[in-house]
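So the structure is just underneath, and the comments pick up after that.
Each chain gets a letter, A, B and so on, in the order its sequence line appears, and its residues count up from 1. What you see is a predicted model; the values in this text were computed from it and never measured. Side chains are part of it too, since the values below use all heavy atoms of this structure and drop only hydrogens, waters and symmetry mates.
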Amino acid sequence: MKALSRRFFDRDPRQVSRDLLGKILVRGRGEMMGRIVETEAYLGADDAAAHAAAGRTSRNSVLWGPPGHAYVYFIYGNYFCLNVSCLPDGVAGCVLLRALEPLAGFEEMARNRGMETSFEPRSLRLLTSGPGRLCEAMEITRERDNGADMTLRSSQLWIADDGHRPRKIVVTPRVGITKSAEAPLRYFIYGNEFVSGPKGARAGRR
DNA sequence: ATATCGATTATCT
DNA sequence: GATAATCGATATG
């Protein structure tokens with residue numbers, strides 16, 4: 001499987017968010033893998049909800065670096081969230097990965113999540129359907145993964161394209177923010193069981 | 001099925 | 001000192 005190119009990420013986060021749906025997040029050489037089914041775009045200084053709006057700090061400096069790198073931050077005293085930087089070096093912007101469909105490494109994911117391994121759809125959903133959950137399942141932390149180059153197969157964390165293309169994509173406002181809360185910048189694969197939130201929301205309702 | 005609430009800490013004002 | 005790109009538990013219909 002091929003890793004996505006630098007150029008893929010050197011674009012507007014809205015376009016990258018859309019095109020990341022169906023791609024595969026890979027841990028190491030494939031010990032754990034999940035198909036990306038839900039994303040959100042975060043823009044630059046003009047996007048009040050984006051960390052980039054606060055200006056460049058030691059926490060968010062990856063956002064201003066070259067495209068295709070992991071921006072991992074700690075939130076609510078408990079969880080990590082994984083983003084991929086977009087746009088050229090010097091320009092901020094990123095995509096938040098919100099949900100994965102597990103493809104490989106079920107047992108390790110379950111262990112990391114403190115769950116019994118089960119192949120029931122109910123349980124599989126709990127592994128990676130949410131930004132905090134997917135990071136816990138794939139052992140993504142700031143210390144370990146922040147700044148990783150996700151365009152290299154040699155990285156501990158990278159993104160692959162297996163040729164899969166989603167059938168239909170839905171766009172809604174982003175989840176869990178208070179500023180710029182109405183902007184339609186959340187993207188997900190229509191009807192996919194692993195999209196976060198209650199069942200109705202997966203069909204595009206809110 | 002939906003609503004509300006508390007946990008817990010890095011980061012910024 | 002307040003806030004936060006979340007989650008899981010608990011309460012209520």
### Query
So, do A:Y73 and C:dA5 meet the stacking rule of ring centres under 5.5 Å and planes under 30°?
no

### Message
By nearest heavy atom, map A:G77 and A:R59 onto DNA chain B; which one lands nearer the 5' end?
### Response
A:G77

### Message
Side chain of A:N83, heavy atoms from C-beta onward: which of C:dG8, C:dA4, C:dA5 has the nearest atom to it?
### Response
C:dA5

### Task
May I have the distance from A:L126 (atom CG) to C:dT6 (atom C1'), rounded to whole angstrom?
14 Å

### Summary
Per atom distances to the A:R113 side chain, the nearest of C:dA4, B:dT11, C:dG8 is C:dG8

### Query
Name the stems that DNA chain C belongs to, where each is three or more consecutive Watson-Crick or G-U pairs with both distances under 3.5 Å?
B:1-7 with C:6-12, B:9-12 with C:1-4

### Task
Please tell me which of the listed nucleotides, B:dT11, C:dT6, B:dC12, lies nearest to the side chain of A:R142?
B:dT11

### Task
Give a yes or no on whether the backbone of A:D145 and the side-chain of A:Q156 come within a donor-acceptor separation of less than 3.5 Å.
no

### Task
Verify the contact: side-chain N or O of A:T178 to OP1 or OP2 of C:dA4, cut-off strictly under 4.0 Å; return yes or no.
yes

### Message
Let's see if you can work this out: which of C:dG8, B:dA7, C:dA5 has an atom nearest to the side-chain heavy atoms of A:N78?
### Response
B:dA7

#### Entry: Under 3.5 Å donor-acceptor, A:S85 side chain and A:C94 backbone
no

#### Entry: For atom OH of A:Y79 and atom P of B:dA10, their distance in whole Å
16 Å

### Message
At less than 3.5 Å, do the side-chain atoms of A:Y76 and the base atoms of B:dA7 form a donor-acceptor pair?
### Response
no

### Task
Would you please classify the geometry between the A:H51 ring and the A:Y73 ring as parallel, tilted or perpendicular, with 30° and 60° separating the classes?
perpendicular

### Message
With a 4.0 Å limit, can you tell me whether A:T57 has a side-chain N or O closer than that to the phosphate oxygens OP1/OP2 of B:dT11?
### Response
no

### Query
Which atom pair, heavy atoms only, marks the closest approach of A:C86 to A:R11?
CB-O, 3.5 Å

#### Entry: Rounded distance (Å) that lies between atom C1' of C:dT3 and atom CD1 of A:I177
15 Å

### Query
If you find the nucleotide of DNA chain C closest to A:K179 and the one closest to A:S129, which residue's nucleotide is nearer the 5' end?
A:K179

### Message
Can you measure A:L82 atom CG to C:dT6 atom P for me and round it to whole angstrom units?
### Response
14 Å

### Task
Using whole Å, report how far CG of A:L63 lies from P of B:dT11.
13 Å

### Between C:dA2 (C1') and A:I75 (CD1): distance, integer Å
13 Å

### Query
Which nucleotide, B:dT2, C:dT6, B:dC12, lies nearest any side-chain atom of A:P198?
B:dT2

#### Entry: Separation of C:dA5 P from A:I140 CD1 (nearest whole Å)
18 Å

### Message
For C:dG8 and A:R133 - does any side-chain N or O of the residue sit under 4.0 Å from the phosphate oxygens OP1/OP2?
### Response
yes

## Note on the structure
All heavy atoms of A:S155 vs all of A:D149, minimum pair found to be OG-O, 2.5 Å

### Query
Which part of the nucleic acid, if any, lies within reach of A:S58 when heavy atoms closer than 4.0 Å are counted: base, sugar-phosphate only, or nothing?
nothing

### Task
Look at the side chain of A:F74 and decide which nucleotide, out of C:dA5, B:dT2, B:dA10, has an atom nearest to it.
B:dA10

### Task
Say whether, by atom type as modelled, one donor and one acceptor occur between the side chain of A:R174 and the main chain of A:R186 under 3.5 angstrom.
no

### Query
CG of A:N60 versus P of C:dT3: gap in Å, rounded?
20 Å

### Query
Hey, does A:R59 have a side-chain heavy atom less than 4.5 Å from the side chain of A:Y71?
yes

### Task
Could you tell me whether the side chain of A:R113 and the main chain of A:M109 form a donor-acceptor pair under 3.5 Å?
no

